[in-house]
Amino acid sequence: MIGISGRGAASGLVLIAVIWMTGCGSYGNNRAPVEDRGAAVSVPAPAPAPTPAPATAATTVDLGASAPRQPAGSDNAGKLGYYTVKPGDTLIRIGLDNGQNWKDIARWNNLENPNLVEVGQVLRVAPPVLTTATAAVVTRPVAPAAITTIAVAPAQSASAATPAAAGVASSPATNTDDDVTWVWPARGSVLNVFDEAKNKGLDIGGAAGDPVLAAADGRVVYVGASLRGYGNLIILKHNNTYLTAYAHNQALLVKEDQTVRKGQKIAEMGNSDADRVKLHFEVRRQGKPVDPVKYLPQR
């Protein structure tokens, strides 16, 4: 019984060994999937999509497109002889305030439509300065006879000729811009005197239809009613220094570019854009309002 038991035990051990080896073989066959999973994990992950570069060029273009447009002539702002347009300005007003014909301003600035000026626009309001070459062309040449006389005069020494020439050269040129003879533009009494802040001229009373006279010889540079506060208005330019303005007329009897004489009837007194019949009369010296009484003769 013991021997049998020993053989049984041995058989059992053999059976256990076979089962163990079989199990080991099965286990070995099952390791491949584990290795495959490990291999799958070791595969490099896909590279991330590249981040788009900042759109610097597009940003630059956008900023350029959105930059505000500079008004015409802005590079001349603040320079002598130039004017920056303000809200409410018209070319007529700019001409009056700068002592110029509005047509000249339009021409100097190549304005196709003088009724269109924009706030911030810089306009030339003084005549363009002649260049040296242009001045040489328009300057009157010295008469050859005069040069010959000075050079060959036998009785005049060089030292004597020099003071004589200097005396001629030093003679001051006569300024004719202030040589204007004035007359009163209307016969009525003065209603309101000049006040630089409140009244830029004289208000002269009268009856509707009374004659309005040119205060001095000149040329008509404006006729119309586009300047607010002046009604039917006439502006005369007398020279490069003086303008005169005649406002609130009921009838305008002259045309632009017409030459008028001192004392000539140019309008009839009225109350256009005014609270009563009157003539508002201004004298402008280089565009600045001045007291007309200082120029008009005493009554």
Results of side chain to side chain donor-acceptor pair (under 3.5 Å) for K103 - residues two or more places apart only = E256, D257
key: Close side-chain approach of W182 to V283, heavy-atom, < 4.5 Å   = yes
W102 and I94, any side-chain heavy atoms less than 4.5 Å apart = no
query = For residues 290-299, which residue pairs qualify under side chain to side chain donor-acceptor pair (under 3.5 Å), counting only residues two or more places apart or in two chains?
reply = none
message = Within the 4.5 Å heavy-atom criterion, are R285 and K288 side-chain neighbours or not?
response = no
request  = Could you tell me whether the side chain of L279 reaches within less than 4.5 Å of the side chain of D203, counting heavy atoms only?
outcome  = no
query = Taking side chain as C-beta onward, heavy atoms only, is N76 less than 4.5 Å from T84?
reply = no
Validation: residues 222-234 side-chain donor-acceptor distances under 3.5 Å, sequence neighbours left out:
from	atom 1	to	atom 2	distance (Å)
Y222	OH	A225	N	3.2
Y222	OH	S226	N	2.9
Y222	OH	S226	OG	2.7
Y230	OH	E282	OE2	2.8
N232	ND2	N249	O	2.9

task = Using side chain to side chain donor-acceptor pair (under 3.5 Å) as the criterion, list what pairs up with N240, not counting sequence neighbours.
result = none
inquiry  = Using a 3.5 Å distance criterion without hydrogens, assess whether the side chain of H238 forms a donor-acceptor pair with backbone atoms of D217.
reply    = yes
Side chains of residues 112-119: which donor-acceptor partners sit under 3.5 Å, not counting sequence neighbours?
from	atom 1	to	atom 2	distance (Å)
N113	OD1	N115	N	3.0
E118	OE1	R69	NH2	3.1

message = Please determine whether side-chain contact (heavy atoms from CB on, under 4.5 Å) holds for the pair K237 and V221, giving the CA-CA distance in whole Å, both sets of side-chain angles, and the decisive distance to 0.1 Å.
response = CA-CA 6 Å; K237 185 176 180 67; V221 296; 3.6 Å; yes
message = Checking R93 now: which residues fulfil side chain to side chain donor-acceptor pair (under 3.5 Å) with it, not counting sequence neighbours?
response = none
query = Only one of L236, I235, N101 forms a side chain to side chain contact (heavy atoms under 4.5 Å, CB included) with V220, so which one is it?
reply = L236
